[in-house]
Amino acid sequence: MGRDVAYMATDALDRTTGTPDEEHHESKFQYPGIPTTCDGAEAVVWVETKISQGSGAFPITSSTTMGSGFNAAMMNGIPNMWGDQLVFVEPESEHSAATFCEGFAVAGGRVTNFTSGQGLVLMKEVLYTISGKRLPVVFNIGARALTSHSLNVHAGHDDVMSVADCGWGILFGRNAQEAGDLCLISRRAAEASVTPFLNVQDGFLTTHTVESVRLPEEEFMKEFIGKPEDKLMNLMDTDNPLMSGVVQNQDSYMKGKLAQRWYYDQVEPALEEAFEEFYRNTGRKYDFVDGYRCEDAEYILVGIGSYMETAQITIDYLRDEKGIKAGCLNIYCFRPFPSRQIVEALEHCKAFTVIERMDDPLSTTGNHLTREIKAAFCDAMTGQNGVEKIDRIPKIYHGAAGLGSRDVRPGDIIAIFDNMMTDSQDFFSVGIKHSTSLEIKEDPDLRPPGAFSMRGHSVGGFGSVTTNKVIATIGGQVFGKDVQAYPKYGSEKKGLPTTYYLTIADSHIFSHSELAYVDLVVLNDSNALISGNPLTGMVDGGAIVMQSPYSDPAEVWKRVPPHHQQTIREKQLRLNFLDMVSIARDVASVADLEMRMQGIVLLGAFLKLTPFSQDAAMSDDEVYAGVEKALRKYFGKRGEQVVQDNLTCVKRGYSEMNEVPRDIINNGHP
């Protein structure tokens with residue numbers, strides 16, 4: 001594995017419509033996928049509602065949208081691919097949800113679950129019994145930090161690591177594409193090895209980030225997974241009775257427990273076969289681990305989850321701009337633990353660093369992944385447990401990064417490599433101010449060439465987050481671009497500040513971090529000019545769109561604080577304004593949508609300020625047809641009038657946006 005393999009794993013994500021690479025990809029592989037835009041939760045729901053028969057789930061952030069998506073399909077009477085009506089049960093807790101799944105699977109049904117954080121830990125008792133009864137279910141996890149010193153609903157891996165001893169296979173995806181693909185791969189491997197699997201993605205950072213995705217075709221899923229009745233055993237079949245879940249004493253328990261190793265020996269070959277068959281059909285390549293530019297690397301970063309894509313683009317910078325022989329190793333599979341593959345990828349480097357989205361300080365040898373890798377190298381030094389003997393162990397560093405969705409930036413990753421090259425801290429943290437933290441000395445702009453990025457400052461309830469998703473949908477499905485859109489979710493509710501981000505590019509967007517460099521800043525909440533510095537990171541010549549009740553440009557300019565006026569002058573920023581609030585009030589035919597629709601007005605301003613429709617040579621009618629389709633995706637369930645009201649808001653946003661003239665900006669008056 002190496003750079004070529006990493007590119008193969010992502011070449012299906014190249015969304016530049018009609019490029020030779022994409023045409024070649026589609027001609028080479030029978031099932032290249034259906035291009036769309038969606039988040040990781042939607043990708044999983046697409047798969048599970050097609051291949052499964054039922055789900056038992058109890059809503060817990062950040063897995064809730066997966067459960068609600070499955071439930072919506074059931075409520076709408078949408079059957080799976082074999083015509084089975086879906087079953088969805090929401091009991092009184094996650095423990096009971098897992099128990100429902102156990103019973104469903106015992107009866108020979110294909111079942112799934114969606115959970116996170118405390119929900120997964122609460123299930124732990126049942127997870128043991130599911131694996132012990134050889135029930136090949138797949139649970140989809142939005143990995144979430146556990147409540148330790150405080151409640152946090154964002155990304156952490158301590159929930160998954162806390163159940164890693166339950167006898168389940170565990171796969172981790174880095175993005176929305178991988179979340180959906182690995183859901184399929186998990187299911188095939190689970191049923192081939194009669195072993196349950198967890199399919200894991202980072203909570204919010206992947207479950208709620210809208211990206212360009214290729215959804216697997218139904219024909220492929222039918223072939224790849226197969227009909228439930230052909231693959232699963234009904235343990236409650238009265239014609240073939242057996243005992244399950246009995247009480248056993250000293251003479252039997254250990255024999256039964258060790259006998260299960262036969263099944264676990266089948267998991268690795270089952271995964272290998274699933275990876276190979278998936279690649280042969282789709283062109284999207286997965287493996288137990290994925291090395292990027294590791295062949296001659298002297299220093300390597302090892303980790304799991306979404307920040308490993310940020311690592312990949314940072315490796316290119318370190319190599320190409322700094323001349324550092326850097327590499328990174330993404331771990332797709334945590335169970336069965338790929339000791340042999342990890343040692344083979346890392347044994348020749350000078351040093352490597354393991355970063356983990358958790359902190360277990362009483363384990364003095366490191367967090368879970370670090371301990372496993374150290375144990376693998378111990379086996380390699382002695383030539384035991386199927387690992388080829390080696391003569392030396394690289395220096396091993398380890399750190400805590402991204403706990404509770406704390407931002408992990410390219411600058412943090414550069415600091416991690418600096419730490420290795422200077423042989424500094426054995427253990428460190430990044431992204432916070434603490435005695436263990438590494439200092440960021442540079443934080444380069446690593447967006448794809450020609451990328452366009454937007455940051456919005458709004459208030460919960462204004463509809464801005466949904467607007468951001470609609471813009472991403474239009475960027476991907478109307479203009480044929482690669483997109484990434486996500487909000488900075490918090491525990492705050494309606495009425496409090498929110499921030500949202502969007503990047504549109506011609507190629508896959510690898511960085512999964514808050515945007516420090518932006519071309520457009522949107523101020524749905526103009527109070528952000530007073531309470532913070534929303535112009536931070538704006539590129540020279542960028543644009544601002546702000547909510548303002550004033551029609552006179554001089555009045556608008558007067559209300560911009562002097563220090564922001566200076567920034568606008570120095571960076572030659574364009575200042576645009578419109579009254580989103582009054583437009584929404586005029587248009588909304590449903591009172592409860594008045595507040596939410598002010599966010600959608602921004603879409604019109606976005607279309608006017610960006611060159612995407614012009615670059616695509618699309619007429620206004622063609623653009624608005626695509627806009628209407630995107631609006632229908634998010635608002636269609638509210639009725640046709642609501643869709644048309646939103647479209648009217650978009651058109652008025654396009655026509656009513658104004659710009660503060662340059663002479664006012666430079667001189668303070670026309």
Side-chain angles (χ1 to χ4, degrees), residues 41-60 63-116 119-120 122-123 125-127 129-142 166 168-169 179-180 182-192 194-200 207 216 218 221-222 224-238 244-245:
E42 291 174 289
V44 165
V45 170
W46 168 265
V47 171
E48 291 290 10
T49 53
K50 301 294 187 296
I51 68 171
S52 293
Q53 296 169 304
S55 172
F58 184 88
I60 179 171
S63 67
T64 309
T65 50
M66 290 188 277
S68 62
F70 194 100
N71 183 47
M74 183 272 292
M75 294 294 289
N76 289 324
I78 300 172
N80 69 11
M81 293 187 297
W82 295 278
D84 301 323
Q85 288 300 313
L86 300 176
V87 175
F88 182 83
V89 172
E90 180 186 322
E92 48 77 33
S93 73
E94 292 90 346
H95 186 281
S96 299
T99 302
F100 167 84
C101 292
E102 179 185 359
F104 199 100
V106 163
R110 184 176 285 157
V111 68
T112 187
N113 172 276
F114 315 99
T115 194
S116 299
L120 181 59
L122 183 58
M123 293 177 177
E125 176 190 15
V126 187
L127 300 185
T129 63
I130 288 174
S131 62
K133 290 177 180 175
R134 313 313 317 164
L135 304 176
V137 302
V138 173
F139 282 15
N140 292 280
I141 313 302
C166 292
W168 290 52
L182 293 175
C183 183
L184 270 179
I185 290 170
S186 296
R187 182 70 65 174
R188 184 180 176 103
E191 294 182 356
V194 200
T195 300
F197 265 74
L198 301 179
N199 177 45
V200 187
T207 56
E218 290 192 21
M221 291 192 285
K222 273 189 176 181
F224 189 71
I225 298 300
K227 194 174 182 180
E229 291 85 346
D230 297 337
K231 303 297 259 325
L232 301 171
M233 181 187 298
N234 179 3
L235 301 182
M236 304 298 287
D237 183 0
T238 54
S244 177

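Each residue takes its place number in the sequence, starting with 1. Heavy atoms only: backbone and side chains are in, while hydrogens, waters and symmetry mates are out. Given the structure is predicted, the values throughout are model-derived calculations rather than measurements.
In this structure, the side chain of Trp168 engages the main chain of Leu127 through a donor-acceptor pair within 3.5 Å. In this structure a side-chain-to-backbone donor-acceptor pair under 3.5 Å is missing from Thr49 to Phe70. With hydrogens and angles ignored, the 3.5 Å screen pairs a side-chain donor or acceptor of Asn113 with a backbone N or O of Gly56. Counting only distance, with no hydrogens or angles, the side chain of Asn76 and the backbone of Ala72 share a donor-acceptor pair below 3.5 Å. Using a distance-only test at 3.5 Å, with no hydrogens or angles considered, no donor-acceptor pair links the side chain of Lys133 to the main chain of Gly245.
The two residues Arg188 and Ile225 come nearest to each other via the heavy atoms N-CD1, 3.8 Å.
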- [ ] Go through the steps to decide whether Thr65 and Val45 satisfy the test side-chain contact (heavy atoms from CB on, under 4.5 Å), and finish with yes or no.
- [x] CA-CA 9 Å; Thr65 50; Val45 170; over 6 Å; no
TODO: Apply side-chain contact (heavy atoms from CB on, under 4.5 Å) to the pair Lys222 and Glu218, showing each step before the final yes or no.
DONE: CA-CA 6 Å; Lys222 273 189 176 181; Glu218 290 192 21; 5.7 Å; no
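Residues meeting the side chain to side chain donor-acceptor pair (under 3.5 Å) test with Glu125, sequence neighbours left out: His95.
Distance CE/Met221 to CH2/Trp46: 5.5 Å, rounded to 0.5 Å. Note that CD of Glu102 and OG1 of Thr99 are 6.0 Å apart. Values are rounded to the nearest 0.5 Å. Here CD of Glu191 is found 12.0 Å from CE of Met233. Values are rounded to the nearest 0.5 Å. Distance CE/Met66 to OG/Ser116: 5.5 Å, rounded to 0.5 Å. Here the OG atom belonging to Ser186 is positioned 7.5 Å from the CG atom belonging to Asn140, to the nearest 0.5 angstrom.
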Could you pull out all donor-acceptor pairs under 3.5 Å where a side-chain atom in residues 82-91 meets a protein atom, sequence neighbours excluded?
| residue | atom | partner | partner atom | Å |
| --- | --- | --- | --- | --- |
| Asp84 | OD2 | Gln53 | NE2 | 3.2 |
| Asp84 | OD2 | Asn80 | ND2 | 3.2 |

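When only modelled atom types and interatomic distance are considered, Thr115 and Glu94 share no side-chain donor-acceptor pair under 3.5 Å.
More than 12 heavy atoms of other shown residues, nucleotides or ligands fall within 6.0 angstrom of atom CE in Met81.
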